[in-house]
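What follows is a set of notes on a single structure, which appears directly below.
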Amino acid sequence: MKKDFLAITDWTTEEIQQTIELAKSLKARLRNRETFHPLQGKTLAMLFQKPSARTRVSFETAMYQLGGYTIFLSPIEVGLGKRESPADVARVLSRYNDGIVARLFEHHFIVELAEFASVPVINGLTDFNHPCQVLSDLMTIEEHLGRFQDFKIAYIGDGNNMVHSWLNAASRLSMTFHMAVPEGYDPDNDVLQLAQDAGKSEIQIFRDPKKAVEHADIIYTDVWASMGQEKEAEKRKKVFKNYQVNDEILKHAGSQVKVMHCLPAHRGDEITDHVMDGPHSIVFDEAENRMHLQKAILFRLMQDQ
Ligand code: CP
Ligand code: NVA
């Protein structure tokens, strides 16, 4: 049976752990310049409705390094939900390709793609979540802290798609997940409830970022206005102005803290240059690991296709 990756909660704790281990070994193989082509002859369709640097380039490079090939489809080609239904697109791409990565606005479209595709569907971000980012962030955390569980992460900013994937992770792995989110910008209540009910993690919403970051191992942030929310950007700048990751916030966390950002960053808004380019920042290790981790996802899901 084909397996999809639409959310962190699609996978068990063991599967998450195995994928991180596999990603680490693939990273080591690449460093040793070993050729590894388990996906030779396989193709991956990449259906993108939104812009992307990391997700597109990391998947394309990952697939190439595994011996496979990618076909990039911009909204102009496919017109998902307008020119053609997600169900029909899924059926057609499954006749050509061995896997599909999709970056979409509406989450229900990726669920529909997965339902009707006979090949694995991987979520490259929707308005609702971004599982590939958080899974690779867990790998980065493991590299820097020596563990991918039992750490404290403080997220500062919007209760958006990144937070939903972090909450999903917190329902599979044990962590302290403290969010500092302005009133009115909390994450989806069902996702929050699910993570709390799983009983693995200690999860709290704060309004004061200084309180949220106390003793944090990781401070994590993201843009204040996500892709698709451009019209709200000016309003959000005012709402979020006290939710900036800067030197003052870092002081409240302690000298051990590492800073992460999924990128792209709006420097001077949610994060200062000084923090982003400073000694606590691990944002470019984080960006690099997208590729290694996604190689592990592609290998797991597509090797038997
Ligand atoms: N972090 C991330 O997904 O980056 P892109 O939007 O550039 O793909
Ligand atoms: N929340 C951001 C994440 C970008 C990787 C967005 O959806 O634009």
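These values consider heavy atoms only, across backbone and side chains, with no hydrogens, waters or symmetry-generated copies.
Between the Lys2 side chain and the Ala117 main chain, a donor and an acceptor come within less than 3.5 Å of each other. Put simply, the side chain of Ser25 gets close to the backbone of Leu22: a donor and an acceptor are under 3.5 Å apart. With hydrogens and angles disregarded, no donor-acceptor distance shorter than 3.5 Å links the side chain of Lys241 to the backbone of Asp269. Between the side chain of Asn168 and the backbone N or O of Thr9 there is no donor-acceptor pair closer than 3.5 Å. Looking at Thr126, its side chain never comes within 3.5 Å of a backbone N or O of His107 through a donor-acceptor pair. Between the side chain of Asp197 and the backbone N or O of Leu194, no donor-acceptor pair lies under 3.5 Å. Here the side chain of Ser94 pairs a donor or acceptor atom with the backbone of Ala90 at under 3.5 angstrom. Listed for the Arg147 side chain is a donor-acceptor partner under 3.5 Å among the backbone atoms of Asp150. At distances below 3.5 Å, not a single donor-acceptor pair connects side-chain atoms of Gln40 with backbone N or O atoms of Pro38. Put simply, the side chain of Thr61 gets close to the backbone of Val57: a donor and an acceptor are under 3.5 Å apart.
In this view, Lys50 and Arg103, Phe105, Leu125, Asp127, Met227 satisfy the side chain to side chain contact (heavy atoms under 4.5 Å, CB included) rule, not counting sequence neighbours. When the side chain to side chain donor-acceptor pair (under 3.5 Å) test is applied to Ser118, no partner is found at least two apart in sequence or on another chain.
In terms of heavy atoms, Thr19 sits closest to Leu293 at O-CD2, 4.0 Å. For the residue pair Ala253 and Gln256, the shortest heavy atom distance occurs at O-NE2, 3.0 Å. Taking all atoms of both residues into account, the shortest heavy-atom contact from Asn242 to Pro209 is O-CG, 3.3 Å. When every heavy atom of Leu173 is checked against every heavy atom of Ile16, the shortest pair comes out as CD1-CG2, 4.2 Å. Minimum heavy-atom separation, Asp10 to Leu6: OD2-N, 2.7 Å. Counting all heavy atoms, side chain and backbone alike, Pro187 lies closest to Met179 at CG-SD, 3.8 Å.
With contacts defined as side-chain heavy-atom distances shorter than 4.5 Å, the pair Asp158/Arg236 qualifies. Between His252 and Lys211, every side-chain heavy-atom pair lies at or beyond the 4.5 Å cut-off. Using a 4.5 Å heavy-atom threshold, the side chains of Leu113 and Leu104 count as touching. At least one side-chain heavy atom of Val119 sits under 4.5 Å from a side-chain heavy atom of Ile100. Contact check for Leu47 versus Val101: no side-chain heavy atoms found under the 4.5 Å cut-off. Between Ile205 and Asp186, some side-chain heavy-atom pair lies under the 4.5 Å cut-off. Using a 4.5 Å heavy-atom cutoff, the side chains of Met291 and Gln65 are in contact. Side-chain contact between Asp88 and Arg91 is present, with heavy atoms from C-beta onward closer than 4.5 Å.
With ring centers used as reference points, Phe206 lies under 6.0 Å from His178. When ring centroids are compared, Trp11 and Phe5 come within the 6.0 Å threshold.
There is a side-chain donor-acceptor pair under 3.5 Å between Asn246 and Gln244. Between the side chains of Glu270 and Thr221, no donor-acceptor pair of N or O atoms lies under 3.5 Å. No hydrogens or angles considered: a donor-acceptor pair under 3.5 Å links the side chains of Gln204 and Glu202. Looking at Asp188 and His164, their side chains never bring a donor and an acceptor atom within 3.5 Å of each other. Thr55 and Arg290 form a side-chain donor-acceptor contact under 3.5 Å, judged by distance and modelled atom types alone. Judged purely by distance below 3.5 Å, without hydrogens or angles, the side chains of Asp222 and Asn160 pair a donor atom with an acceptor atom.
When the side chains of ILVMFWY residues are joined at heavy-atom separations under 4.5 Å, either directly or via intervening members, Val223 and Met276 end up in two distinct hydrophobic clusters. Linking Ile, Leu, Val, Met, Phe, Trp and Tyr whenever their side-chain heavy atoms come within less than 4.5 Å leaves Leu93 and Ile122 in two separate clusters. Hydrophobic cluster membership differs between Leu298 and Ile71, with clusters built from Ile, Leu, Val, Met, Phe, Trp and Tyr side chains linked at under 4.5 angstrom. The same ILVMFWY cluster, assembled from side-chain heavy atoms under 4.5 Å apart, contains both Trp166 and Leu145. Tracing side-chain contacts under 4.5 Å through hydrophobic residues (I, L, V, M, F, W, Y), one never reaches Ile110 starting from Ile8; they form parts of separate clusters.
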The test is side chain to side chain contact (heavy atoms under 4.5 Å, CB included); show your working for Lys210 and Glu248 and say whether it passes. CA-CA 9 Å; Lys210 293 189 188 85; Glu248 178 61 24; 4.2 Å; yes
Apply salt bridge (Lys or Arg N to Asp or Glu O under 4.0 Å) to residues Glu60 and Arg54 and explain how you reach the verdict. CA-CA 10 Å; Glu60 291 202 14; Arg54 278 145 292 273; over 6 Å; no
Derivation of the side chain to side chain contact (heavy atoms under 4.5 Å, CB included) call for Met175 and Lys200: CA-CA 7 Å; Met175 65 185 79; Lys200 287 239 170 195; over 6 Å; no
Decide side chain to side chain contact (heavy atoms under 4.5 Å, CB included) for Glu143 and Lys27; before the verdict, give the C-alpha distance in whole Å, the side-chain angles of both, and the deciding distance to 0.1 Å. CA-CA 12 Å; Glu143 284 179 345; Lys27 184 172 179 175; 2.8 Å; yes
Stepwise side chain to side chain contact (heavy atoms under 4.5 Å, CB included) test for Asp277 and Arg267: CA-CA 10 Å; Asp277 301 325; Arg267 288 166 174 258; 2.9 Å; yes
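In His215, the NE2 atom is not crowded: 12 or fewer heavy atoms of neighbouring residues, nucleotides or ligands sit closer than 6.0 Å. For Glu183, the CD atom sits in a loose shell: 12 or fewer heavy atoms of surrounding residues, nucleotides or ligands are nearer than 6.0 Å.
When Ile271, Val181, Ile219 are each tested for a side-chain contact (heavy atoms from CB on, under 4.5 Å) with Ile156, only one passes: Ile219.
In this structure, Phe177 and Tyr155 have tilted ring planes: the angle between them lies in the 30° to 60° band.
Within the structure, every pair that satisfies the ring pair (Phe, Tyr, Trp, His ring centres under 6.0 Å) test and touches residues 265-305, not counting sequence neighbours, is listed here: Phe36-Phe299. Under the ring pair (Phe, Tyr, Trp, His ring centres under 6.0 Å) criterion, the residue pairs touching residues 59-98 are Phe48-Phe72, with sequence neighbours excluded.
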For residues 134-142, run the donor-acceptor check on the side chains, cut-off 3.5 Å, and write out each pair with its distance to 0.1 Å, sequence neighbours left out.
unit_1	atom_1	unit_2	atom_2	d
Ser136	OG	Cys132	O	3.0
Ser136	OG	Gln133	O	3.0
Asp137	OD1	Gln133	NE2	2.9
Asp137	OD2	Tyr220	OH	2.5
Thr140	OG1	Ser136	O	3.1
Thr140	OG1	Asn289	ND2	2.9
Glu142	OE1	Lys24	NZ	2.6

Taking only distance into account, with no hydrogens and no angle test, what donor-acceptor pairs under 3.5 Å do side-chain atoms of residues 74-81 form with protein atoms, sequence neighbours excluded?
unit_1	atom_1	unit_2	atom_2	d
Ser74	OG	Ile76	N	3.3
Ser74	OG	Glu77	OE1	2.8
Glu77	OE1	Ser74	N	2.7

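Contact check on Lys152 versus Asp217 returns no salt bridge, with no Lys/Arg side-chain nitrogen under 4.0 Å from an Asp/Glu carboxylate oxygen.
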